[in-house]
Amino acid sequence: MKLHNTLTRQTEEFKPHEAGKVKLYTCGPTVYDYPTIGNLRSFVFDDTLRRALQVAGYEVAHVMNITDVGHLVSDEDEGEDKLEAGAGREQKSVKEISQRYAQAFFEDVKALNILAPNAYRGPHGSYAYATDFIDEQIELVNQLMGKDYAYKTASAIYFDISKLSDYGKLSGQKLSDKEVAARSEVVNDPAKRNPQDFALWFFTVGRFKNHTLRWRSPWGEGFPGWHLECSAIVHATLGEPIDIHTGGVDHIGTHHTNEIAQTEAAFGVKLANYWLHNEHLMVDGQKMSKSKRNFYTLKDVIGKGYEPMALRLLFLQSHYRTQANFTWEVLDAAKDHLQNLRAWADLKHQQKPVVGLVDIRPAKGAIFTDLNTPKALAELASHKESPSQEVLELIDKLLGLHLADRPNITSDEKELIIKREEAREQKDWTGADNYRAQLAKKGIDIKDTETGPIWSRISS
RNA sequence: GGCGCGUUGGCGGAGAAGUUACGCAGAGGUCUGCAAAACCUUUUAGACGGGUGCGAGUCCCGUACGCGCCUCCA
């Protein structure tokens, strides 16, 4: 399998640290609002990677975190914690907010047939919540303090990036070339040694005086900085080095760079051998983001009458490393494409499957070449033969489109098809059209072919 | 200022130095009770300027434009 590694900027042959096994970590959502379909694209990408690795025969240990503390917002809510801001906005407790939106995330993920992480079980199921790893995060800060990579100011514990010679190796950007405070709303602590030093632990003083989520630490009461949780969770669940770390391209320069700094400074080991980053989903040519409020959610998509699977197919139609532009027109095309794939899958109930006729090795090969799902879909489209159940199951394992579990029609529905055929033989066109209308009501479309009628389910 | 990505036909979107991507949509035809399908034919490409090749969407160098990141983001 070939994968594009951000560390080397090359598409490389993937070799796991331990033969046959893959440790995979994904930065999960911050649960302060509904996920946008842009967020969901990245989780579908992640899922595609997981599925490809599994089909390739690897035993995949997958961990995903849920950020329920410490993620700072900006803009008008300057300097606040996203969770705290959400709670204030909705007059709810921070816990209520995180539970509610985590639940919304789980529903979306299920609707899109995204596999749940499988390498961790905790109080909240298979997802690793940041607040369930507070002790581990404090211990990580402790290590960094002990090794002199971190220092304390009146407002926070910071990581001193000048102690690492290769800080920024992931983004390839030199520190001296970075514009300081590129975003105007960045709050700057004058006690910081370097402008790019980032907080490991915030004290509940000053602007965070009223922060509700707080824990005792050896240095003072407070809460963890955002980057800390991923390093601590990886250390506690998978152990370094992990094979693959995934996330959006926006994380390269800061979040992932800081994760690497924390882990490699504290433990002296490489955090991850491969870094895979997905490009953003655009809407009207602009990045879809919560702060710009130009986003859609899965609820919006469903509300307009589209199935989640159509959205999944839309994501798979573009390569994960290209920016994709979302429009309703494109979703319409994906919806029709999905219907055609389903009609193809439905053939298995009607024509005698010819084993080996549908060769999906080219499609599999495309996915194994840096997850080229658009090419894989093109390879599948060349097949009009009736697919076997085995073939459909393999396609589902790779693409998760639910093509293999489509039910047969009922005997009543079969009866209607037979009656329609009888009517047609009698040249009773009114009767035949009547039966077709009845079938259409049940969501079944009929196409007459030389070898007899072929049905397909329009929905579900 | 720095780092990164991109520019392909009506829309989406791949591969790739020398014959069709593919999907969705459009046109004409065969077929057909009708509809659809199928089959045949067909329209619309490769930002711009140079360079290297017998030959370039495909490699190299520029230019332009777009997008992202540089302590909110997937």
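In what follows, every heavy atom counts, from backbone to side chain, and hydrogens, waters and symmetry copies are set aside. Since this is a predicted model, take the numbers as computed values, not measurements. The chains referred to below are lettered A, B, ... by the order of the sequence lines, with proteins before strands, and numbering in each begins at 1.
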Sorted by chain and residue number, the ring pair (Phe, Tyr, Trp, His ring centres under 6.0 Å) partners of A:Trp328 (sequence neighbours excluded) come out as A:Tyr296, A:Tyr306, A:Phe326
| task | Classify the side chain of A:Asn325 versus the base of B:C11 as yes if they form a donor-acceptor pair under 3.5 Å and no if they do not. | result | no
Winner on side-chain proximity to A:Arg424, out of B:G33, B:C24, B:A14, is B:G33
RNA chain B in dot-bracket form (Watson-Crick or G-U pairs under 3.5 Å, [ ] crossing, | inter-strand) is (((((((..(((.....[...))).(((((.......)))))....(((((..]....))))))))))))....
note: A:Glu379, atom CD; B:A21, atom P; distance rounded to Å ~ 14 Å
Sorted by chain and number, sequence neighbours left out, ring pair (Phe, Tyr, Trp, His ring centres under 6.0 Å) with A:His124 holds for A:Tyr129
The nucleotide from B:C67, B:G33, B:A74 with an atom nearest the side chain of A:Asp433 is B:G33
Distance between C1' atoms of B:U32 and B:G66 (Å, rounded): 49 Å
Closest of B:G68, B:G12, B:A14 to the A:Thr322 side chain is B:A14
When rounded to whole Å, the CD1 to P distance for the pair A:Ile454 and B:A36 reads 17 Å
In whole angstroms, the gap separating P of B:G4 from NE2 of A:His277 amounts to 15 Å
(message) I'd like to know if A:Asp336 reaches the base of B:A25 with its side chain, counting only an N/O donor and acceptor under 3.5 Å.
(response) no
Exercise. Indicate whether the side chain of A:His255 and that of A:His227 have a donor and an acceptor atom separated by less than 3.5 Å.
Key: yes
A:Ser456 and A:Lys447, any side-chain heavy atoms less than 4.5 Å apart
yes
- Task: Please determine, by modelled atom types, if A:His251 and A:Glu259 share a side-chain donor-acceptor pair under 3.5 angstrom.
- Result: no
A:Asp250 has its side chain closest, among B:C69, B:C11, B:G13, to B:C69
In whole angstroms, the gap separating C1' of B:G33 from CZ of A:Arg436 amounts to 10 Å
The nucleotide from B:G23, B:G13, B:G33 with an atom nearest the side chain of A:Ala381 is B:G23
- prompt: Does some side-chain heavy atom of A:Asp448 sit less than 4.5 Å from a side-chain heavy atom of A:Arg420?
  reply: yes
